[in-house]
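Positions are given from 1 along the sequence.
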Amino acid sequence: MVGLVEQMTTFPINSRIKVNSDYGTVKFFGEIKGYSGLWVGVEWDDSRRGKHSGCVNDIQYFETTCPNAGSMIRPGKIAPFDSLAGAIEKRYVLNIGNPLDENLLRETKENFKASIFEFVGAEKIMKKQSHVEQLEDISVAYSNTQTAGDLMPFCNLVSVNLTATLIWNWRIVADIASQLPRLSYLNLSQNRLVLPSDLDISDLEPSFRHLKDINLSDCGLSCFKDILHIARLFPYIESLSLQNNNISTLTVPDCDVVFKNLHKLDLHKNNLSSFQEILKLGQIESLEVLLLMVNGIRSIKLPDCEPSEYLDMFRNLLEINLRDNPIENEIDTFNELDKLLKLSVLNQTPNQASGFDNMFSRAVGLISNLKTLNKIDVTPARRRDAEYDVWKEYGWEYLLTSGSPTDRLSFLRKIRAYGRIVAKYGCPDEALVRPQLKQSSVITVNLLDPEANRLVTKKLPKKMIIQVLQGLVIKLFKSDAGKLPILSYVDEERQDVCVVLDNMSKTLDYYSIQNGDTIIIQW
């Protein structure tokens with residue numbers, strides 16, 4: 001009987017096991033009617049591995065969350081467990097002949113925070129094997145680690161990767177953290193951890209106070225209320241990754257209890273398609289970086305505020321990543337994001353139809369404090385060009401509202417940045433922004449070289465870009481090789497209006513050049 005008790009304690013309910021490469025959760029341990037010996041009832045992570053839902057010969061031994069995801073196996077088929085201390089020793093101290101083993105190579109390929117792993121060669125490992133206290137960054141991902149063990153020899157560890165191990169409850173995690181006083185980053189992705197009780201949280205919270213960054217990606221945490229419950233274990237965490245957890249709804253966090261110092265929150269690869277859910281995070285005062293890639297977000301709508309004001313939410317948010325979401329209207333999106341006071345870094349996938357250049361111009365022109373878009377810095381020249389595009393594109397609509405304060409306010413709510421652009425560059429000139437009825441795809445313009453006192457009249461395509469026009473001018477006026485002309489144009493009706501054609505990628509109709517206008521050539 002003593003032996004039986006000892007054996008049973010190795011397979012507690014909800015503990016994790018592995019058979020070959022298949023992971024599962026223990027749901028039953030004991031005898032099965034009609035069969036000899038002891039059996040382990042398992043619900044497999046991959047339901048295709050299962051044979052039933054815990055029912056054998058009409059007797060229900062356990063329940064599975066997914067139909068037919070369970071099976072009964074003999075204890076002898078289960079991979080032997082290891083401690084973290086033992087796994088570190090095997091991988092970093094004893095494994096001299098093949099230091100970059102299969103699991104380490106697998107981690108590199110999957111790129112789970114690979115930049116902070118310490119992939120050292122045989123020579124470095126040989127130097128460190130007698131000085132294990134020098135190790136700072138280790139990974140035992142995909143190992144059979146189930147307990148902490150004695151971690152005193154590894155007390156200087158700063159980063160520990162426990163991806164896809166057999167750790168199954170927070171007391172084990174707390175045992176690891178409490179033995180590593182310098183631990184800053186802990187990767188628990190692809191583990192299935194039992195929710196801690198209120199008593200567990202009270203007992204274990206001090207063990208996590210020195211941690212700054214925790215990764216809980218792909219941990220089956222689809223309920224955000226459960227995540228907030230777990231977060232009580234580490235209320236002062238600075239960075240939390242929750243990617244790929246199938247989260248579809250959020251709950252407003254009580255920031256007096258959790259997320260007191262949260263700077264970065266990674267929610268990418270979930271199902272948060274409604275931005276109204278994201279707004280529930282708006283009162284996390286310390287939040288600076290929010291990652292929302294691959295969530296199916298189609299539109300962004302924030303609460304209303306006056307065009308000259310900013311929202312009292314996400315007050316310290318500096319960066320948001322919206323890549324790989326099917327955003328339907330870029331202009332509306334950027335106008336909404338302009339309501340966030342400190343937002344300066346944006347990552348977003350451009351619309352395939354309009355392309356990156358148009359997205360860049362719109363984002364920079366409409367988000368007043370934007371400094372970086374898709375890792376490209378917004379220089380003063382790029383901002384000037386983008387704001388000029390907005391100034392011109394919406395100028396006529398702005399002028400039409402001049403007689404109605406209500407219409408003007410409605411327009412400025414739709415294009416928040418326009419008031420600031422007008423204050424910076426002045427009111428748009430009607431002659432430049434008035435829509436033109438264009439019947440033909442070509443226009444007749446005068447090309448004038450004042451120095452040579454020569455005038456050439458040509459019919460040009462409206463879609464001709466300025467760079468091509470430069471080449472035509474060089475050919476027509478037989479300029480010296482390598483000498484590029486500076487072009488500007490004078491409106492036929494407004495001789496006092498002269499516009500420099502300084503953007504080589506823009507077309508003639510972009511500059512509103514009409515029949516009879518004169519293009520001035522300077523060398």
Between Asp407 and Thr401, is any side-chain donor less than 3.5 angstrom from a side-chain acceptor? no
Asp203/Arg171 salt bridge by N-O under 4.0 Å criterion: yes
If you measure from the Lys or Arg side-chain nitrogens to the Asp or Glu carboxylate oxygens, is any gap between Lys90 and Asp82 under 4.0 Å? yes
Got Leu135 and Tyr92 here, is their nearest side-chain heavy-atom distance under 4.5 Å? yes
Salt bridge Glu136-Arg182, side-chain N to carboxylate O under 4.0 Å: yes
Salt bridge or not for Glu387 and Arg420, using N-O below 4.0 Å? no
Are a donor atom and an acceptor atom from the side chains of Ser241 and Ser217 found within less than 3.5 Å of each other? yes
Between the side chains of Arg16 and Asp45, is the shortest nitrogen-to-carboxylate-oxygen separation below 4.0 Å, so that they form an ion pair? yes
NZ/Lys301: more than 12 non-hydrogen atoms of other groups inside 6.0 Å: yes
So, are Lys269 and Asp324 salt-bridged, with charged N and O less than 4.0 Å apart? no
If you count the non-hydrogen atoms of other residues, nucleotides and ligands that lie under 6.0 Å from CZ in Phe411, is the total more than 12? yes
Is the number of heavy atoms from other residues, nucleotides or ligands under 6.0 Å of Lys260 NZ greater than 12? yes
Does Gly220 offer a backbone N or O that forms a donor-acceptor pair with the side chain of Asn245 under 3.5 Å? yes
So Ser83 and Thr147, side chain to side chain donor-acceptor pair (under 3.5 Å) or not? Walk me through it. CA-CA 5 Å; Ser83 66; Thr147 60; 4.8 Å; no
If only side-chain N and O atoms count, and only distance matters, is there a donor-acceptor pair under 3.5 Å linking Asn246 with Asn270? no
Report yes if the side chains of Leu373 and Asn347 come closer than 4.5 Å at any heavy-atom pair, otherwise no. no
For Thr406 and Ser404, which I'm curious about, is there any donor-acceptor pair between the side chains at under 3.5 Å? no
Is Ile230 close to Leu221 at the side-chain level, that is, under 4.5 Å between some pair of heavy atoms? yes
Between Ser197 and Asp200, is any side-chain donor less than 3.5 angstrom from a side-chain acceptor? yes
Could you work out, with ring-ring contact (aromatic ring centres under 6.0 Å, His included) as the rule, every residue matching Phe224, not counting sequence neighbours? none
So, Tyr394 versus Tyr398, ring centres under 6.0 angstrom or not? no
Qualifying residues under ring-ring contact (aromatic ring centres under 6.0 Å, His included), relative to Phe62, sequence neighbours excluded: none
Minimum side-chain heavy-atom gap Met72-Lys51 below 4.5 Å: no
Show, in sequence, the C-alpha distance, side-chain angles and deciding distance for Asp198 and Arg232, and conclude whether the salt bridge (charged side-chain N to carboxylate O under 4.0 Å, His left out) test is met. CA-CA 9 Å; Asp198 289 338; Arg232 291 164 56 195; 3.1 Å; yes
Does the side chain of Thr65 come under 3.5 Å of the side chain of Glu43 through a donor N or O and an acceptor N or O? yes
Under 6.0 Å from the ring centre and within 45 degrees of the ring axis: does the NZ or CZ of Arg49 meet both conditions for the six-membered ring of Tyr23? no
Pair Glu288 + Lys342: basic N to acidic O under 4.0 Å: no
